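Just so we're clear, the structure is a prediction, and the values are computed from it rather than from any experiment. In what follows, chains carry the letters A, B, and so on, assigned in the order in which the sequence lines appear, proteins first and then strands, with residues in each chain numbered from 1.
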Protein chains: 2
Amino acid sequence: MTEVPDENGKGKRKPAGAAVLQESVTSAILRAAFAELAETGYARMSMDAVAKRARVGKAAIYRRWTSKQDMVVALSAQVGVPLAEIADTGSLRGDLLAYLRATSKLLRHPLASQIVPDLLAEGAREPVLAQVFADVVERPRRERATELLQRAVERGELPPDMDTDLALDLLFGPLYWRLMVSRERMPPGYVDRLADTLLAALVALPSVAAHA
Amino acid sequence: MTEVPDENGKGKRKPAGAAVLQESVTSAILRAAFAELAETGYARMSMDAVAKRARVGKAAIYRRWTSKQDMVVALSAQVGVPLAEIADTGSLRGDLLAYLRATSKLLRHPLASQIVPDLLAEGAREPVLAQVFADVVERPRRERATELLQRAVERGELPPDMDTDLALDLLFGPLYWRLMVSRERMPPGYVDRLADTLLAALVALPSVAAHA
DNA sequence: ACGCAACGGAACGGTTGCGTTCCGACGCCG
DNA sequence: CGGCGTCGGAACGCAACCGTTCCGTTGCGT
């Protein structure tokens, strides 16, 4: 159900459409759905609007996916994967900065910044959305960040019995709060100061066993 | 437009309804809208459903508010205000713990935890929702937390030139991330460990002027 | 005792959306 | 060169929702 057909199936066609040259119908639909999702939100997004924006008949959409939900799930799966790379810069502080900068750039993306909170909220009602979001965004990010912390432990920059669970919340939380919830602008040097503060917080982190 | 009429207008009535005894029509509507908002989400919430759940005619709703948006704004304004109290326990650590516990309890409320992210996401498209959310939830919280930090400065627990902006993100972010985004359960002692870590982070906070 | 005002409930017209179906056009593949 | 499959587009039936209007009922204030 969820599979996205390869670009160009058996029956190929030349561009044909007016403006969108050289683009397959499938990718035109997904691109339109992405934009529409950002503008309108999942709940209000209409398939007619997607078809219209993609200069496509609705039949072309339902030939590929069985429903709006199915299409959005496929779209999320395709978009979510490539955004989970974190570089190894050789030091914890460098890795932190790289991660914070990458995340900040991502969360400032005009489309993503609208879609992420929307799908997150909708996920509370449509479990399949929450699932794909967890699998395709949340988990990869968490894994990359865990590797980042593990590298610091191996370098001796962090203690081995560190509370990873809490550390991850410290990495993700403040930046997400500022950019997605509070939505205030970041003053110059904000990311650098955040990195320094997180550095201090991480080395002061109680071990997993600590209870008070 | 937004004003909520006093309980019981000129033409009073006894309960009349079946189950909901002793409850004014207005509060029955708001209660139903709150529940419906949590279940369905703002975009999908229907006025018919609210009326039905409140055992009320739709006319009774539109006699009070002009639209769904108007009603939700009034509802948010009424609910949002009382949740911004933070105690003065005499020490920064005590205040932090009190704040974290209070917030954690609030964000675990089954209705609020559904409504908050939903209205937040919707606020990106309906500015009036974002506005009321900022005025009625965000700003009061921010003010209380600023007072918390200010008290710590006066006690000498934090430096006076602290970067308040960054400090607030550290206070709000991790807990919000865990409870609203990641939505994983909090292991025993989590809040205490978070408080200790934040304590360390706050004293290590660079001053406002610092750039690297 | 009476009238007024708000009540619950049902129905309205108009709009919107979903998912399906049908159409004529067009390109590729054999 | 002829047929097959997909194309864009329009229309369909059906359901839901909005906001309004009307109805007969019910209780409070005078």
Side-chain angles (χ1 to χ4, degrees), chain A residues 1 4-33 36-37 39-73 122 125-126, chain B residues 1 4-33 36-37 39-72 125-126:
Chain A
M1 290 298 175
V4 181
D6 291 341
E7 300 286 309
N8 305 326
K10 292 182 178 180
K12 294 184 186 179
R13 287 196 65 196
K14 274 287 171 57
V20 189
L21 299 175
Q22 312 263 66
E23 185 173 24
S24 86
V25 173
T26 299
S27 69
I29 294 173
L30 288 178
R31 173 191 301 272
E36 205 67 28
L37 200 54
E39 274 182 22
T40 318
Y42 177 81
R44 292 194 202 282
M45 183 185 74
S46 87
M47 300 302 263
D48 295 79
V50 172
K52 198 169 184 178
R53 182 187 285 247
R55 298 166 174 274
V56 147
K58 271 203 294 180
I61 299 181
Y62 284 99
R63 218 173 280 128
R64 289 168 171 74
W65 304 280
T66 66
S67 67
K68 172 164 121 178
Q69 188 187 79
D70 191 31
M71 184 185 70
V72 171
V73 166
E122 208 69 38
R125 265 158 241 118
E126 306 219 27
Chain B
M1 289 300 174
V4 180
D6 292 340
E7 300 288 308
N8 305 327
K10 291 183 179 179
K12 296 184 184 179
R13 289 196 63 196
K14 274 288 171 58
V20 187
L21 300 175
Q22 313 263 66
E23 186 173 23
S24 86
V25 173
T26 298
S27 70
I29 294 172
L30 288 178
R31 173 190 302 272
E36 205 67 27
L37 200 54
E39 273 183 22
T40 320
Y42 177 82
R44 290 193 204 282
M45 183 185 74
S46 87
M47 299 303 262
D48 294 79
V50 172
K52 197 169 186 178
R53 182 187 285 246
R55 298 165 175 274
V56 147
K58 271 202 292 180
I61 298 182
Y62 284 100
R63 219 172 281 129
R64 290 168 170 75
W65 304 279
T66 67
S67 67
K68 173 165 118 178
Q69 187 187 80
D70 191 31
M71 183 185 72
V72 171
R125 267 157 239 118
E126 307 219 28

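At distances below 3.5 Å, not a single donor-acceptor pair connects side-chain atoms of A:Arg53 with backbone N or O atoms of A:Ala33.
The interatomic distance linking B:Lys68 (NZ) with D:dT20 (C1') rounds to 18 Å, in whole Å. As rounded to whole Å, 14 Å separates atom C1' of D:dG19 from atom CE of B:Met45. The distance from atom CZ of B:Arg55 to atom P of D:dT25 is 20 Å, rounded to the nearest whole Å. Between the CD atom of B:Glu36 and the C1' atom of D:dC17 there is a distance of 13 Å, rounded to whole Å. Residue B:Trp65 contributes atom CH2, which lies 17 Å from atom C1' of D:dC18 at whole-angstrom precision. When the P atom of C:dT21 is taken as reference, atom CD1 of A:Ile61 falls 16 Å away, rounded to whole Å.
Taking every heavy atom of both residues into account, A:Ala54 and A:Ile29 meet most closely at CB-CA, 4.0 Å.
Within 4.0 Å of B:Ala49, counting heavy atoms only, lies no atom of the nucleic acid at all.
Base pairing annotation: C:dG19 forms a Watson-Crick or G-U wobble pair with D:dC12, both donor-acceptor distances under 3.5 Å.
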Please output the side-chain donor-acceptor pairs of residues 45-52 of chain A that fall under 3.5 Å, not counting sequence neighbours, one pair per line with the distance.
from: A:Ser46; atom 1: OG; to: A:Ala49; atom 2: N; distance (Å): 3.0
from: A:Asp48; atom 1: OD2; to: A:Lys58; atom 2: NZ; distance (Å): 3.3

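Of the side-chain N and O atoms in A:Arg44, none sit less than 4.0 angstrom from OP1 or OP2 of C:dG17. OP1 or OP2 of C:dA6 has not a single side-chain nitrogen or oxygen of B:Arg64 nearer than 4.0 Å.
Between C:dC7, D:dC18, C:dT21, one nucleotide has an atom nearer to the side chain of B:Ala60 than all others, and that is C:dC7. Comparing atom distances between the A:Tyr62 side chain and each of C:dT21, C:dG19, D:dC18 picks out C:dG19 as nearest. In the set D:dG19, D:dC7, C:dG19, the nucleotide with an atom closest to the side chain of A:Val25 is D:dC7.
For A:Arg31, the salt bridge (charged side-chain N to carboxylate O under 4.0 Å, His left out) criterion is met by A:Glu23, not counting sequence neighbours. With sequence neighbours excluded, no residue forms a side-chain hydrogen bond (donor to acceptor under 3.5 Å, both in side chains) with A:Arg63.
With respect to A:Glu122 and A:Lys68, no salt bridge is recorded, no charged nitrogen being found less than 4.0 Å from a carboxylate O.
Residue whose closest nucleotide on DNA chain C sits further toward the 5' end, between A:Gln69 and A:Arg63: A:Gln69.
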Item checked: nucleotides 11-16 of chain C: protein proximity per nucleotide (B base, S sugar-phosphate only, - neither; heavy atom, under 4.0 Å) -> ------
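Atom CD1 of B:Ile61 and atom CE of B:Met71 lie 6.0 Å apart (nearest 0.5 Å).
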